[in-house]
Every structure is written in C-alpha cells, then in structure tokens.
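This one's a predicted model, so the numbers in the text were calculated from it and none came from an experiment. Index from 1, following the sequence.
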Amino acid sequence: GNLSYDLAFARMDSGGALAAPSRPVAAGPGASTRPSLVATESGFLVAWLDTRDGENGLYVAVLDADGAVVGDPTRVDAGGPDSQVRHPTLTRGDRLHGLVWSDARSGNREIYFTTVGANGAVAPAVRLTHDRHLSQHPVVVWDTERFAVAWSDDRDGYDQILLQRVHVDGTSDESPSWMTSTRERSNQPSLFAAGPGQYVLGWEETDVVDRDVWFRTAVQVADVTCP
C-alpha cells in the first residue's frame, strides 16, 4: 500500500503526559515531515515539509489555541521539480514570525526567508544567499529588533557557519558574518537571541582524523555580538 506520514498536534502537561487527545494537522497520501511550531497571540503556526503534490513542498498552517487547523494550509515555496525544499525553521517575532528554509529552485541550494502573520498570511520569499556552493541547515531567531539567520555554507571549500541579520522585510544592511573559519566541517547550527545584536550559537563540528576511516564530532558553543 501507499506509505503516509501524518502530522499531529498535542498539548503536554509539565510532566510530559498528554493533556488532551492529539489533533491531526496534515494527513493523507504522501509524507508530512519536519514540523516547526511557534506560539502566536491567538494560537500557533506550524510549518512542515509535505509531498502531497508529488513534490517536497513547504507548507504553513494556522492552529487555534487547542491545536485545531484554521482554514487551509498555504504552500510557501515556489514549487516545481527543482525546488527540493529542506530544513524549515519558524521563530516567533513581533506580530510577524520568521520562517527560513533551504531551496534548490535556482539550481543550487540557497537560503530563503519570509515572514508569516498569526493569520497565516505569508510575505513574498527573499533569497538571502547568492553563491554557487551549498547553503543549508538554516535557523532563525528574533532579537526584539531584527531577525538573525545562521546557516552552514561551503563557499570557501569547507562547511562553515555564517550569520546575517535581516529586517522584517528580508532586507539587510550588512554582509554575512563568518562564525567559524576552520578546516573542520561546521554544520547544524543552533541559535539563541540574548538581546538586540547578541546571540549564543552552537554547532556540530567534525574533525576528520583519518580520511574515510573515522571522524569525531563535538558541539561547539560561542557567544556572538553584532555591532
């Protein structure tokens, strides 16, 4: 038969037990995976990857305070066989909430940003990276003034972590900042906003000790302050 991965919402109590029965968010043919959830003023927003159209599309839906879907989900990405969306991440902002993902619509994997209102309205997507090398694994936070986006990028021949601050409309007054600059592979960033222009960044770093034999991974953490 056809394999289907469904998406559901459930409230948990402080002990980790279900506080209410789970509710379906996306169900049907295809796979609904990689959900990212944020609370809004009136309920929740959830973004996820979905193959309902025969493509790996990015969707967003509004949930009420009980987790029931309000209206129809909205497809965020441009679609098409070359889109190949990955790594969606939502973060709560000030009325408008940030969403980032990686997308291959240009022929190369790049980072895209948009905002989503509590009512599910999605702004036009803004492409943040313009490089012929891979840009992937984006994360986004709101620092009370701007959004900050971090991602892994191999434009110098090694996977490194870059960070860029963007306004609500996706524009930026500055170039990306290099957060790592080693010959190890730096991937899977995690970002926390400590205040305007202040962040804590974590990432996975792979030190290849003997090629094709084994490798060692360690989590690195650094404080980041932007002017």
Which one of R105, R127, H130 satisfies the side chain to side chain contact (heavy atoms under 4.5 Å, CB included) criterion with E110?
-> R127
V140: which of T91, L99, L90, I111 passes side chain to side chain contact (heavy atoms under 4.5 Å, CB included) | T91
Under 3.5 Å, is there a donor on one side chain and an acceptor on the other for [X] and [Y]?
{"X": "T51", "Y": "N56", "result": "no"}
{"X": "R86", "Y": "S102", "result": "no"}
{"X": "H133", "Y": "D131", "result": "yes"}
{"X": "S152", "Y": "Q136", "result": "no"}
{"X": "D50", "Y": "S32", "result": "yes"}

CA sep, side-chain torsions, deciding dist, call: F9, L37, side-chain contact (heavy atoms from CB on, under 4.5 Å) = CA-CA 10 Å; F9 171 95; L37 180 75; 4.1 Å; yes
[X] [atom1] to [Y] [atom2] distance, which is reported to the nearest 0.5 Å:
{"X": "L128", "Y": "S135", "atom1": "CG", "atom2": "OG", "result": "9.5 Å"}
{"X": "D94", "Y": "D143", "atom1": "CG", "atom2": "CG", "result": "11.5 Å"}
{"X": "L49", "Y": "Y5", "atom1": "CG", "atom2": "OH", "result": "14.0 Å"}
{"X": "T115", "Y": "W142", "atom1": "OG1", "atom2": "CH2", "result": "10.0 Å"}
{"X": "F147", "Y": "T114", "atom1": "CZ", "atom2": "OG1", "result": "9.5 Å"}
{"X": "S181", "Y": "I161", "atom1": "OG", "atom2": "CD1", "result": "11.5 Å"}

Answer yes or no: is there a side-chain heavy-atom contact under 4.5 Å between [X] and [Y]?
{"X": "V149", "Y": "V139", "answer": "no"}
{"X": "Y112", "Y": "T129", "answer": "no"}
{"X": "M12", "Y": "L18", "answer": "yes"}
{"X": "E55", "Y": "Q84", "answer": "no"}
{"X": "L201", "Y": "P189", "answer": "yes"}
{"X": "L191", "Y": "L163", "answer": "yes"}
{"X": "P138", "Y": "F113", "answer": "no"}
{"X": "V62", "Y": "V69", "answer": "no"}

Quick check: is [Y] connected to [X] through a chain of hydrophobic side chains (ILVMFWY, heavy atoms under 4.5 Å apart)?
{"X": "V46", "Y": "V38", "value": "no"}
{"X": "L7", "Y": "V60", "value": "no"}
{"X": "V168", "Y": "V122", "value": "no"}
{"X": "V100", "Y": "V166", "value": "yes"}
{"X": "F44", "Y": "L96", "value": "no"}

Pairing of R75 and D53 as salt bridge, 4.0 angstrom limit = yes
Tell me whether the guanidinium CZ or amine NZ of R165 lies under 6.0 angstrom from the six-membered ring centre of Y199 and within 45° of its axis.
-> no
Should the ring pair H137 and H87 be called parallel, tilted or perpendicular, given that the plane angle runs from 0 to 90° and is split at 30 and 60?
-> tilted
Can you tell me if [X] uses its side chain to pair, donor with acceptor, with the backbone of [Y] under 3.5 Å?
{"X": "D77", "Y": "G79", "answer": "yes"}
{"X": "R92", "Y": "V141", "answer": "no"}
{"X": "T40", "Y": "A118", "answer": "no"}

Could you check W101 against V76 for side-chain contact (heavy atoms from CB on, under 4.5 Å), going step by step and ending with a plain yes or no?
-> CA-CA 10 Å; W101 67 97; V76 176; 3.6 Å; yes
With Q160, the side chain to side chain donor-acceptor pair (under 3.5 Å) member among T180, D154, D153, N187 | T180
Pick one: which of Q164, R146, H167 meets side chain to side chain donor-acceptor pair (under 3.5 Å) with S172?
-> Q164
Check the surroundings of atom CZ in R52: do more than 12 heavy atoms from other residues, nucleotides or ligands lie under 6.0 Å from it?
-> yes
Assess whether atom CG of D72 is packed by more than 12 heavy atoms of other residues, nucleotides or ligands within 6.0 Å.
-> no
Taking all non-hydrogen atoms of both residues, which atom of V126 and which atom of G170 are closest, and how far apart?
-> CG1-O, 3.7 Å
